[in-house]
Amino acid sequence: MLFHSTFRAEMSRYFWAASVVLISIVMTVLLIRTLGQASRGNIDPGEVSLVLGYTVLGNMHTIITLALYIASVATLSRMYADSEMVIWQSSGKSSVGLVKPALVFAAPVLLVVALLALLVWPWTNAQTHEIRERYEKRGDLERVKPGQFQESASGSRVFFIDKNSPSDLEGTHIFIAAQEKELQTITSAQTGKVEFKGEDRYLVLKDGQRIEINPLKNEIKVIEFKQHGAKLGDTAIELSEIEAQSAMPWDLINKPIPVNLGELTWRVGLALGAFNLVLLGVAIPYVNPRTGRTGSLVMAMLTFFIYYNLINVSRNAVASGQWGMASAMLILHGPVAVLSLIGLWWRSEQTHWLQIIYRISFLKRGAA
């Protein structure tokens, strides 16, 4: 039908335009964040582009969902603003009739969103975590660039090393500022090298001094040494939340602890949320031709961010054990679906009464 094909064609144009804009914005924001992480020593500067690619791919489900929602709202807003919707309504069509072409267009997009949320999201997280972990396992001396102050992996130490040796395990003019519980230490040495003792790495410093400051006791100690050893690296702490974000759906189901159920609730919620937003995208837009189209777009953006924040809240509620997975899904997504259907019914009733008014006015003109 012309009614359906016209709507899908315009919705497609808005969808691809919104996708390009959103991807550009997200890539710019994530690039700044990734460069900041590289400058703090959390990731290898040589792998910034790789981490950026994984991060953007991992967030594509949100980008695509928002682009689809914007496309639906923008298309209907344009039709109302140009009085095109009034013409369709006068010919017997209603806004409810747009649900079918909207779902036909959105079906493959919703499938992609589900695959991105369930499969691609954990895979990109696993790849990014592996890159970070591989880089953080390096010794602190290897991580520091010559002539630059740099934090250790945990942020408890600040290093400055002037490495003029061809070996990555040796350096000169070393400065280390560290926070060890209540004790603050400042260590400087002429030379230093990394030595291995079992699985541990130690930075062996020579010809230097160590200043120990205890603010609680108001004490300052200055120790000069010929040789001093400091352990490099920190004990890795595996967080169940990070593991859950990197796990595939079947792994989350096989290990139904609260954190895993919260992650699964969030992923499934993204797919259900995308479907509900398609219905909302048809129910919300209404533009008075005498006013602008910004009202519907502002309302769309507001509802999107509120809805997605609530999806994040549901994950935290399930992960903390406050809600069950089924109850969280029902409490959050059920009311949104009901409100969407009520909005569609209201639009249908408006169209019905509009048709009656047109018929009455037509009969009056014929009688006159």
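Residues take their numbers from the sequence shown, with the count starting at 1. Model, not experiment: these values are computed from the prediction.
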Item checked: Interatomic spacing from NE2 in His61 to CG in Leu119 - rounded to 0.5 Å -> 11.5 Å

Note to self: How close do Ala300 and Thr303 get, counting heavy atoms only, and between which atoms?
What the structure shows: O-OG1, 2.8 Å

Checklist line | Note, Leu264 side chain near Asn260 side chain (heavy atom, < 4.5 Å) | finding: no

Note to self: Count I, L, V, M, F, W, Y as connected when their side-chain heavy atoms are under 4.5 Å apart, and connections chain through other members. Are Ile131 and Leu35 then in the same cluster?
What the structure shows: yes

Next item on the list: Identify the two heavy atoms, one from Ala117 and one from Pro122, that lie closest to each other, and give their separation to 0.1 Å.
Entry: O-CD, 3.9 Å

Check: Hey, does Trp323 have a side-chain heavy atom less than 4.5 Å from the side chain of Val313?
Finding: no

Notebook entry, point to check: To the nearest 0.5 Å, what is the distance between OH (Tyr54) and CG (Leu30)?
Noted result: 15.5 Å

Item checked: Verdict with supporting geometry, Leu103 and Phe275, side chain to side chain contact (heavy atoms under 4.5 Å, CB included) -> CA-CA 9 Å; Leu103 290 177; Phe275 177 80; 3.8 Å; yes

Notebook entry, point to check: Closest approach of Asn276 and Ser340, non-hydrogen atoms and distance?
Noted result: O-OG, 3.8 Å

Notebook entry, point to check: Taking side chain as C-beta onward, heavy atoms only, is Thr65 less than 4.5 Å from Leu270?
Noted result: no

Next item on the list: Would you check if there is a donor-acceptor pair between the side chains of Trp266 and Gln245 at a distance under 3.5 Å?
Entry: no

Item checked: Approximate separation, where rounding is to 0.5 Å, of Leu310 CG and Ile331 CD1 -> 11.5 Å

Note to self: As a quick check of understanding, evaluate side chain to side chain contact (heavy atoms under 4.5 Å, CB included) for Val278 and Phe105, giving each step before the final call.
What the structure shows: CA-CA 10 Å; Val278 174; Phe105 174 81; over 6 Å; no

Note to self: How about CE on Met27, more than 12 heavy atoms from neighbouring residues, nucleotides or ligands closer than 6.0 Å, or not?
What the structure shows: no

Item checked: Heavy atoms from other residues, nucleotides or ligands near CD of Glu224 exceed 12 (cutoff 6.0 Å) -> no

Note to self: Counting only heavy atoms not in Tyr307 (residues, nucleotides, ligands), do more than 12 fall under 6.0 Å from its OH?
What the structure shows: yes

Margin query: For a side chain to side chain contact (heavy atoms under 4.5 Å, CB included) check, start with the C-alpha distance between Glu10 and Arg13, then their side-chain angles and the critical distance, and finish with the verdict.
Written below: CA-CA 5 Å; Glu10 186 166 355; Arg13 289 193 295 269; 3.6 Å; yes

Notebook entry, point to check: Nearest heavy-atom pair of Leu261 and Pro256: which atoms, and what distance?
Noted result: CD1-O, 3.8 Å

Note to self: Before you tell me yes or no, could you show the steps for Met60 and Trp121 under side chain to side chain contact (heavy atoms under 4.5 Å, CB included), namely the whole-Å CA-CA distance, both residues' side-chain angles and the distance that decides it to 0.1 Å?
What the structure shows: CA-CA 9 Å; Met60 281 299 293; Trp121 163 258; over 6 Å; no

Margin query: Whether the side chain of Ser246 engages the backbone of Glu243 through a donor-acceptor N/O pair (distance < 3.5 Å, no angle test) should be reported.
Written below: no

Notebook entry, point to check: Measuring from Ile311:CD1 to Thr265:OG1, what's the distance to the nearest 0.5 Å?
Noted result: 11.0 Å

Check: Is it true that Tyr308 and Leu339 fall in one hydrophobic cluster, defined by side-chain heavy atoms closer than 4.5 Å?
Finding: no

Checklist line | 4.5 Å side-chain heavy-atom contact, Leu205 and Arg210 | finding: no

Check: In the single-linkage hydrophobic clustering (I, L, V, M, F, W, Y; side-chain heavy atoms under 4.5 Å), do Val318 and Met329 co-cluster?
Finding: yes

Next item on the list: Output yes when a side-chain donor or acceptor of Ser12 lies under 3.5 Å from a complementary backbone atom of Arg8, and no otherwise.
Entry: no

Check: For Leu68, which of Leu110, Ile63, Leu277 qualifies under side chain to side chain contact (heavy atoms under 4.5 Å, CB included)?
Finding: Leu110

Next item on the list: For the residue pair Asn214 and Lys221, establish whether any side-chain heavy-atom pair is separated by less than 4.5 Å.
Entry: no

Check: So do the side chains of Arg315 and Glu263 get within less than 4.5 Å of each other, counting heavy atoms only?
Finding: yes

Check: Are the side chains of Met301 and Ile70 in touch, meaning some heavy atoms are under 4.5 Å apart?
Finding: yes

Checklist line | Ile174 to Ile176 - nearest heavy-atom pair and separation | finding: CG2-CG1, 3.9 Å

Note to self: In this structure, would Val20 and Val56 fall into the same cluster of hydrophobic residues linked by side-chain contacts under 4.5 Å?
What the structure shows: no

Check: Any link between Val29 and Val48 through a network of hydrophobic side chains (Ile, Leu, Val, Met, Phe, Trp, Tyr) touching at under 4.5 Å?
Finding: no

Next item on the list: To the nearest 0.5 angstrom, please state how far the CZ atom of Arg132 sits from the CD atom of Gln127.
Entry: 13.0 Å

Next item on the list: Quick one: pull up CZ in Phe225 and CG in Asp207 and give me the separation to the nearest 0.5 Å.
Entry: 8.5 Å

Next item on the list: Answer whether the closest heavy-atom distance between the side chains of His333 and Val336 falls below 4.5 Å.
Entry: no

Check: Which heavy-atom pair separates Arg267 from Leu118 by the least distance, and what is that distance?
Finding: NH1-O, 3.4 Å

